[in-house]
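When reading the values below, keep in mind they use all heavy atoms of this one structure, side chains included, and skip hydrogens, waters and symmetry mates.
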Amino acid sequence: MEQRFIKKENNPRLLLFFAGWGSDEHLFSRPVEDGYDYLLCFDYRTLDFDYSLLDGYREIRLLAWSMGVWVAGQVLTGKDYPWQMRLAVGGTPFPIDDRKGIPEAIFRATLENFSDAALVRFRRRICGTAEQVKEFLSHAPYRPVPELHEELQALEQYVRRPSAPFVWDKAIIGTDDKIFPPANQREAWRGTAVIEKDVAHYGGALFDRLLSGEEAVWTRH
């Protein structure tokens, strides 16, 4: 796993973001709220995690998106950190699941038919609109296609593990999500506070607000 500080100013608070499959720092190098350092996690070909990078923070705001929701649960379960909020976006603790995640047949087809053209189609699906595709491409990850395929293969093996009993405070569901079906997300998040928004799987404006702290979802009430 890659762990990169996008912002490190020795602040007492940390924004810890587990991005989705295929991400890198180019996609999520965006402004964050004053008073926070910002650590981005991506590239889940391994789940090795350097916990020492979290040492010393008095408050941690956890954000996870898509496959990053499952990864965060795996690496953080059982760890006692000063969580300010744990927020999942567009993902579930059951990433390949016909009822609570990505339907198995769809994930399998994506994995078996992966190519440059398939990646282009996938990115269109996560964005939903031509305008959102343009926004995504302005931040597009630079990682090579073979590397992304390796990451997808690794995730397919990892997610066969039991779901981790990690507790999330809130989950955001995009009602236009074509990757994790909204109905499956609702089923997965029974018992967790849910906020539904009219966005696709990837929403650039939503991430701008989440990372900058402007989105009201960060409040406890």
Side-chain angles (χ1 to χ4, degrees), residues 1-11 13-57 59-76 81 84-91 95 114 116 119-120 122-127 132-155 158 172 174 179 199-215 218:
M1 185 186 313
E2 291 282 348
Q3 295 168 263
R4 295 189 188 176
F5 275 100
I6 307 302
K7 176 186 173 186
K8 186 165 176 52
E9 300 175 344
N10 296 317
N11 288 300
R13 295 178 292 178
L14 175 69
L15 172 62
L16 174 61
F17 183 21
F18 285 77
W21 164 77
S23 300
D24 68 5
E25 70 273 24
H26 300 288
L27 185 58
F28 290 115
S29 289
R30 303 169 188 236
V32 298
E33 187 171 354
D34 289 344
Y36 283 84
D37 287 351
Y38 172 23
L39 178 61
L40 178 68
C41 305
F42 62 93
D43 187 357
Y44 306 129
R45 286 178 291 173
T46 77
L47 298 184
D48 297 337
F49 189 84
D50 183 356
Y51 295 95
S52 71
L53 298 180
L54 309 187
D55 291 347
Y57 287 102
E59 183 177 285
I60 299 177
R61 177 179 285 180
L62 174 62
L63 174 64
W65 172 54
S66 193
M67 281 288 184
V69 174
W70 179 87
V71 175
Q74 291 291 313
V75 302
L76 296 175
Y81 288 114
Q84 183 261 328
M85 173 74 70
R86 293 159 294 187
L87 176 65
V89 180
F114 196 74
D116 293 64
L119 180 61
V120 170
F122 175 82
R123 288 175 169 175
R124 287 175 180 162
R125 283 176 58 79
I126 70 171
C127 292
Q132 190 61 64
V133 170
K134 183 178 179 181
E135 193 279 339
F136 178 92
L137 291 176
S138 72
H139 300 278
Y142 289 170
R143 296 171 59 197
V145 169
E147 183 177 296
L148 299 184
H149 192 203
E150 290 174 10
E151 184 183 2
L152 200 62
Q153 290 174 314
L155 283 167
Y158 291 143
I172 293 179
I179 306 301
V199 295
H201 187 64
Y202 168 84
L206 175 61
F207 282 117
D208 283 341
R209 296 194 303 273
L210 288 170
L211 292 170
S212 67
E214 295 176 6
E215 184 66 33
W218 290 120

Could you check if a side-chain atom of Arg123 sits within less than 4.5 angstrom of a side-chain atom of Val133, using non-hydrogen atoms only?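 No - every pair of side-chain heavy atoms lies 4.5 Å or more apart.
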Indicate yes or no: at least one non-hydrogen side-chain atom of Leu39 is less than 4.5 angstrom from one of Leu54.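 Answer yes - side chains close enough.
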Write down the atom of [X], the atom of [Y], and the distance for their closest heavy-atom approach.
X: Cys41; Y: Leu16; answer: SG-CD1, 3.8 Å
X: Ser23; Y: Phe42; answer: O-CD1, 3.2 Å
X: Gly20; Y: Ser66; answer: CA-CB, 4.1 Å
X: Asn11; Y: Gly35; answer: CB-O, 3.2 Å
X: Pro95; Y: Met67; answer: CB-SD, 3.5 Å
X: Leu53; Y: Phe5; answer: O-CZ, 3.8 Å

Look at the rings of Phe18 and Tyr44 and say which category their plane angle falls in: under 30° parallel, 30 to 60° tilted, over 60° perpendicular.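 The arrangement is parallel - the two ring planes meet at less than 30°.
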For the backbone of [Y] and the side chain of [X], can you confirm whether one donor and one acceptor N or O come within less than 3.5 Å of each other?
X: Ser212; Y: Val32; value: no
X: Lys7; Y: Pro31; value: no
X: Asp24; Y: Tyr142; value: yes
X: Asp48; Y: Met1; value: no
X: Tyr158; Y: Arg45; value: yes
X: Gln3; Y: Asp50; value: yes
X: Trp65; Y: Gly91; value: no

When rounded to the nearest 0.5 angstrom, what is the spacing between [atom1] in [X] and [atom2] in [Y]?
X: Leu15; Y: Tyr57; atom1: CG; atom2: OH; value: 10.5 Å
X: Phe114; Y: Glu151; atom1: CZ; atom2: CD; value: 9.5 Å
X: Leu47; Y: Trp70; atom1: CG; atom2: CH2; value: 5.0 Å
X: Phe207; Y: His139; atom1: CZ; atom2: NE2; value: 11.5 Å
X: Gln84; Y: Leu62; atom1: CD; atom2: CG; value: 10.5 Å
X: Leu210; Y: Ile172; atom1: CG; atom2: CD1; value: 5.0 Å

Trace of the side-chain contact (heavy atoms from CB on, under 4.5 Å) decision for Lys134 with Leu137: CA-CA 5 Å; Lys134 183 178 179 181; Leu137 291 176; 5.9 Å; no
Ring centres of Phe136 and Tyr202 under 6.0 Å apart? yes
Could you check whether Trp21 and Phe122 have their ring centres less than 6.0 Å apart? yes
Does Arg209 come within less than 4.0 Å of Glu214, counting only side-chain N to carboxylate O?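 Judged by the 4.0 Å cut-off on N to carboxylate O distance, Arg209 and Glu214 do not form a salt bridge.
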Please determine whether side-chain contact (heavy atoms from CB on, under 4.5 Å) holds for the pair Tyr38 and Arg30, giving the CA-CA distance in whole Å, both sets of side-chain angles, and the decisive distance to 0.1 Å. CA-CA 10 Å; Tyr38 172 23; Arg30 303 169 188 236; 5.7 Å; no
Under 3.5 Å, is there a donor on one side chain and an acceptor on the other for Gln153 and Glu150?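 Checked: Gln153/Glu150 side chains show no N/O donor-acceptor pair below 3.5 Å.
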May I have the step-by-step check of salt bridge (Lys or Arg N to Asp or Glu O under 4.0 Å) for Arg13 and Glu33, ending in yes or no? CA-CA 10 Å; Arg13 295 178 292 178; Glu33 187 171 354; 5.2 Å; no
Check the surroundings of atom CG in Asp55: do more than 12 heavy atoms from other residues, nucleotides or ligands lie under 6.0 Å from it?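 Yes.
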Go through the structure and list residues passing ring pair (Phe, Tyr, Trp, His ring centres under 6.0 Å) with Tyr51, not counting sequence neighbours. Phe49
